[in-house]
Asks: 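Quick one: structure below, then a few questions.
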Amino acid sequence: MPTPSHLANPRYFDFRAARRVPETHAWPGLHDHPVVDGGAPGPDAVPVVDLAGAADEPRAAVVAQVARAAEQWGAFLLTGHGVPAELLARVEDRIATMFALPADDKMRAVRGPGDACGYGSPPISSFFSKCMWSEGYTFSPANLRADLRKLWPKAGDDYTSFCDVMEEFHKHMRALADKLLELFLMALGLTDEQVGGVEAERRIAETMTATMHLNWYPRCPDPRRALGLIAHTDSGFFTFVLQSLVPGLQLFRHAPDRWVAVPAVPGAFVVNVGDLFHILTNGRFHSVYHRAVVNRDLDRISLGYFLGPPPHAKVAPLREAVPPGRTPAYRAVTWPEYMGVRKKAFTTGASALKMVALAAAAAAADLDDDAGAGAAAEPVVHQQLLVSS
Ligand SMILES: C=C1C[C@]23C[C@H]1CC[C@H]2[C@@]12CCC[C@@](C)(C(=O)O1)[C@H]2[C@@H]3C(=O)O
Ligand SMILES: O=C(O)CCC(=O)C(=O)O
């Protein structure tokens, strides 16, 4: 697949035909840190939040689990969420059908420069000189039927069933996102009344928007040289990741620096905290660096359901998240503004979150990337940066 930086001359890279990983797709530095098993008991076990039983009245135990995971990891596995396993199976099946479309159909829907939606490598790929071992498709569930006509111009059965299944999924996920937002706010220490009654919090719940990004990681003849998705933090509030039964998602943890492989738990979502939530919570909940690796024998599919504010909304630390006597640690930004900052950060090797930190408050709160469990600290990826853009 072309990356956005290669759009001037889009060419389809045929992963299926590749017998080796070409230089264009070979990433240096992939093995700088060890990979540990996040499914085994012990300090590297990825936290699990089980919503079963907390649906109507969040139990204190669940709120405490969310707080611990968001503060120490910026991520957790979510089970007991009520989205039927049978629906998730249909979602994966429809995604596989979509990625199996002929190259010509997929190329017709290629993401244009600067577009959020479309087919091909995700927007982040434009900052790197190497190509990832994956194809992706981003769309807005609100605009699903129109967007998908680019892939299926004649509509037809595959189009209809893809749209039907994704709409059903979106309905469940949007409701789950509301539930999780409430839990996150309670985990910050807000009371029931504050969650529903304070203007800032109410507006976030009412205006939160969803974007979906589908990933296809074809099996790879030399998985140690290739990378499915470069290490990044999500930029929005939070993300639900559905990974198929083939694992590949890894979370970066500091002290010691390591990649924690997230186990593929059937029916579970991985929830990632994003940068705008990091800002909203005044740094109490950490955004998490994560990446996806590829597999020699098996294709892998994943889906990211991204929640964030509408484009015009300013995101600033919630009053309730700033300790008494302190000033907010971050300035207010809109999502598009933050994406601009992140672009600058990528091309200079800086940290986007630090670029929107308010210096005095940051110093007072000791906003050091190396502090604590270090979920927000960055793995080294700069050697692959495309510095020219
Ligand atoms: C709503 C979103 C969130 C986006 C941008 C836009 C659509 C696609 C999302 C991703 C998906 C892949 C990683 C990422 C880093 C990327 O390049 O595209 C994500 C990005 C972000 O979290 O910033
Ligand atoms: O493939 C995965 O497990 C990760 C997906 C992801 O991080 C994304 O789409 O942003």
Side-chain angles (χ1 to χ4, degrees), residues 1 3-5 38 46 74-75 77 92 95 99 111-112 114-128 131-143 147 177 208-218 227-252 259-265 268-279 287-295 298-311 315 333-343 345-346 352-353 381:
M1 271 321 283
T3 65
S5 55
V46 178
L77 279 158
E92 284 196 14
I95 296 174
F99 282 120
R111 186 195 311 273
D115 285 355
C117 295
Y119 200 88
S121 315
I124 197 177
S125 59
S126 62
F127 304 124
F128 297 90
C131 301
M132 305 187 212
W133 201 265
S134 58
E135 295 182 12
Y137 183 63
T138 313
F139 62 94
S140 153
N143 203 25
D147 267 8
M208 206 160 59
T209 63
T211 308
M212 279 167 75
H213 179 79
L214 316 178
N215 298 294
W216 178 59
Y217 305 100
L227 184 61
L229 187 57
I230 182 69
H232 65 280
T233 54
D234 294 340
S235 58
F237 283 157
F238 54 91
T239 310
F240 295 95
V241 177
L242 178 66
Q243 65 171 341
S244 63
L245 291 182
V246 181
L249 177 61
Q250 299 181 341
L251 309 173
F252 189 70
W259 289 103
V260 178
V262 181
V265 177
F269 293 112
V270 182
V271 175
N272 291 328
V273 171
D275 288 346
L276 291 184
F277 221 52
H278 187 117
I279 293 172
S287 54
V288 61
Y289 270 90
H290 55 285
R291 69 177 187 179
V293 297
V294 291
N295 192 288
L298 298 166
D299 292 349
R300 175 171 181 264
I301 278 171
S302 75
L303 174 159
Y305 187 89
F306 295 82
L307 282 309
V315 177
V333 280
T334 64
W335 199 351
E337 218 181 302
Y338 184 74
M339 295 294 239
V341 172
R342 195 171 69 163
K343 179 174 179 180
F346 263 121
L353 277 175
V381 290

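Both counts, for ligands and for their atoms, begin at 1 and track the order of listing. All values below come from the heavy atoms of this structure, side chains included, with hydrogens, waters and symmetry mates left out.
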Asks: Check whether any side-chain heavy atom of Arg111 sits under 4.5 Å from a side-chain heavy atom of Pro123, and report yes or no.
Replies: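 Yes. Closest side-chain heavy atoms under 4.5 Å.
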Asks: Using a 3.5 Å cut-off on N/O to N/O, what pairs does ligand 1 make with the protein? A line per pair would be great.
Replies:
unit_1: ligand 1; atom_1: 17 (O); unit_2: Pro123; atom_2: N; d: 3.4
unit_1: ligand 1; atom_1: 17 (O); unit_2: Ile124; atom_2: N; d: 2.8
unit_1: ligand 1; atom_1: 22 (O); unit_2: Ser235; atom_2: N; d: 2.9
unit_1: ligand 1; atom_1: 22 (O); unit_2: Ser235; atom_2: OG; d: 3.4
unit_1: ligand 1; atom_1: 23 (O); unit_2: Ser235; atom_2: N; d: 3.4
unit_1: ligand 1; atom_1: 23 (O); unit_2: Ser235; atom_2: OG; d: 2.6
unit_1: ligand 1; atom_1: 23 (O); unit_2: Arg342; atom_2: NH1; d: 3.3
unit_1: ligand 1; atom_1: 23 (O); unit_2: Arg342; atom_2: NH2; d: 2.8

Asks: Indicate yes or no: at least one non-hydrogen side-chain atom of Leu214 is less than 4.5 angstrom from one of Leu303.
Replies: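 Yes, their side chains come closer than 4.5 Å.
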Asks: Which residues pass the ring pair (Phe, Tyr, Trp, His ring centres under 6.0 Å) test with Phe237, not counting sequence neighbours?
Replies: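 Residues passing ring pair (Phe, Tyr, Trp, His ring centres under 6.0 Å) with Phe237: Phe277.
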Asks: Hey, are the side chains of Val265 and Val270 touching, using non-hydrogen atoms and a 4.5 Å cut-off?
Replies: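 Val265 does not reach Val270 side chain to side chain.
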Asks: Are any non-hydrogen side-chain atoms of Asn295 and Arg300 less than 4.5 angstrom apart?
Replies: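 Counting from C-beta outward, Asn295 and Arg300 never come under 4.5 Å.
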Asks: Could you work out, with ring pair (Phe, Tyr, Trp, His ring centres under 6.0 Å) as the rule, every residue matching Phe139, not counting sequence neighbours?
Replies: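 Testing Phe139 for ring pair (Phe, Tyr, Trp, His ring centres under 6.0 Å), a comparison that skips the adjacent residues, returns Tyr137.
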Asks: Just so I know, are the side chains of Val315 and Tyr338 near enough to count as touching, which here means a heavy-atom distance under 4.5 Å?
Replies: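 Counting from C-beta outward, Val315 and Tyr338 never come under 4.5 Å.
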Asks: Does either side chain, that of Asn215 or that of Ser134, offer a donor lying less than 3.5 Å from an acceptor on the other one?
Replies: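 No, no side-chain donor-acceptor contact under 3.5 Å.
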Asks: Report yes if the side chains of His290 and Leu251 come closer than 4.5 Å at any heavy-atom pair, otherwise no.
Replies: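 Yes. Closest side-chain heavy atoms under 4.5 Å.
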Asks: List the protein residues in contact with ligand 2, where contact means a heavy-atom separation under 4.0 angstrom.
Replies: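 Residues near ligand 2: His213, Asn215, Tyr217, Leu229, His232, Asp234, Val241, Leu249, His290, Ala292, Arg300, Ser302, Phe306.
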